[in-house]
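Report on one structure; see the data block that follows.
Chain naming here is simple, since letters A, B, ... match the order of the sequence lines and numbering starts at 1 in each. What you see is a predicted model, and the numbers here were worked out from it, not measured in a lab.
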Amino acid sequence: MSYWLVKSEPSAYSWDQLVKDKQTAWTGVRNYAARINLRAMKKGDEVLYYHSNEGVEIVGIAKVIKEAYQDPTIDDDRWVAVDIKAVKKLKNPVPLDILKKDKRFANMDLVRLGRLSVQTVKDDEWKMVMALAGE
DNA sequence: GCCAACGTTGGC
DNA sequence: GCCAACGTTGGC
């Protein structure tokens with residue numbers, strides 16, 4: 001079981017929208033490093049849901065319900081999508097600046113590789129985020 | 001809205 | 001295959 005983090009701009013697809021839809025196809029990833037991560041996702045893996053641009057914080061937990069398949073939004077079998085569903089909203093969203101200030105997160109992809117849209121989250125990072133979120 | 005950081009493209 | 005130029009992302 002692995003942990004991940006996906007980013008979305010709320011104006012494009014927010015956490016609330018995911019809750020409303022129950023689940024969604026995570027399509028449109030066009031970045032090599034992000035694709036490696038998408039392909040490594042397994043059914044049941046848990047995913048932090050992060051809002052970029054607005055909020056700039058981790059807002060909820062999602063879960064992988066369908067492993068990588070060809071992205072239906074492009075006619076090119078090199079790109080993949082996964083399906084995720086909403087699990088729960090965090091009691092306390094975890095803002096990026098808290099993570100940046102906390103040395104324990106200095107090596108977290110979210111802090112180091114700001115632009116990567118699908119990231120890995122280590123077990124200890126997951127636990128620390130959960131603690132900060134009051135979960 | 002600006003701009004730094006990073007990925008991608010394309011000329012050589 | 002290198003690297004400059006360009007485009008995009010995303011924090012501020």
Side-chain angles (χ1 to χ4, degrees):
Chain A
M1 159 104 158
S2 306
Y3 297 116
W4 310 94
L5 178 144
V6 296
K7 288 186 181 181
S8 183
E9 295 190 29
S11 59
Y13 193 86
S14 68
W15 168 259
D16 288 343
Q17 188 64 44
L18 176 61
V19 170
K20 214 159 127 195
D21 293 345
K22 304 272 198 307
Q23 67 179 72
T24 194
W26 206 253
T27 58
V29 172
R30 301 288 182 266
N31 173 282
Y32 185 75
R35 189 177 76 197
I36 290 171
N37 290 334
L38 277 185
R39 285 203 166 132
M41 285 187 184
K42 297 288 173 211
K43 200 170 171 181
D45 283 356
E46 291 186 292
V47 182
L48 294 174
Y49 199 95
Y50 174 84
H51 275 171
S52 60
N53 286 322
E54 292 167 48
V56 193
E57 60 192 7
I58 300 166
V59 291
I61 301 171
K63 184 175 271 206
V64 177
I65 54 173
K66 188 175 177 189
E67 296 177 15
Y69 56 96
Q70 193 201 327
D71 187 338
T73 65
I74 187 172
D75 183 21
D76 183 336
D77 61 12
R78 291 176 305 163
W79 297 111
V80 297
V82 299
D83 287 355
I84 61 171
K85 71 167 185 186
V87 174
K88 69 183 299 193
K89 187 175 188 165
L90 295 180
K91 262 187 221 119
N92 309 309
V94 180
L96 178 61
D97 64 336
I98 296 287
L99 299 178
K100 279 192 164 172
K101 280 181 200 148
D102 191 328
K103 287 201 174 60
R104 294 177 301 163
F105 293 102
N107 289 318
M108 191 174 179
D109 286 354
L110 190 62
V111 174
R112 283 174 46 239
L113 310 170
R115 291 184 52 192
L116 187 59
S117 59
V118 181
Q119 312 182 341
T120 58
V121 175
K122 294 181 201 72
D123 289 2
D124 57 338
E125 289 167 350
W126 179 275
K127 287 196 193 93
M128 292 188 287
V129 169
M130 289 303 117
L132 289 174
E135 299 292 341

Check: Does the pair R78(A)/D71(A) count as a salt bridge with the N-to-O cut at 4.0 Å?
Finding: no

Check: Should E125(A) and R104(A) count as an ion pair when the cut-off is N to O under 4.0 Å?
Finding: no

Notebook entry, point to check: Once each nucleotide of nucleotides 3-12 of chain C is scored for protein heavy atoms under 4.0 Å, what B/S/- sequence comes out, 5' to 3'?
Noted result: ----BBBBBS

Item checked: Carboxylate-amine/guanidinium contact D124(A) K122(A), below 4.0 Å -> no

Notebook entry, point to check: Under 6.0 Å from the six-membered ring centre of Y69(A) and within 45° of its axis: does the NZ or CZ of K66(A) meet both?
Noted result: yes

Can you give each donor-acceptor pair under 3.5 Å made by side-chain atoms of residues 51-65 of chain A, sequence neighbours left out, with the distance rounded to 0.1 Å?
residue: H51(A); atom: NE2; partner: W15(A); partner atom: N; Å: 2.9
residue: N53(A); atom: ND2; partner: E9(A); partner atom: OE1; Å: 3.0
residue: N53(A); atom: ND2; partner: E9(A); partner atom: OE2; Å: 3.1

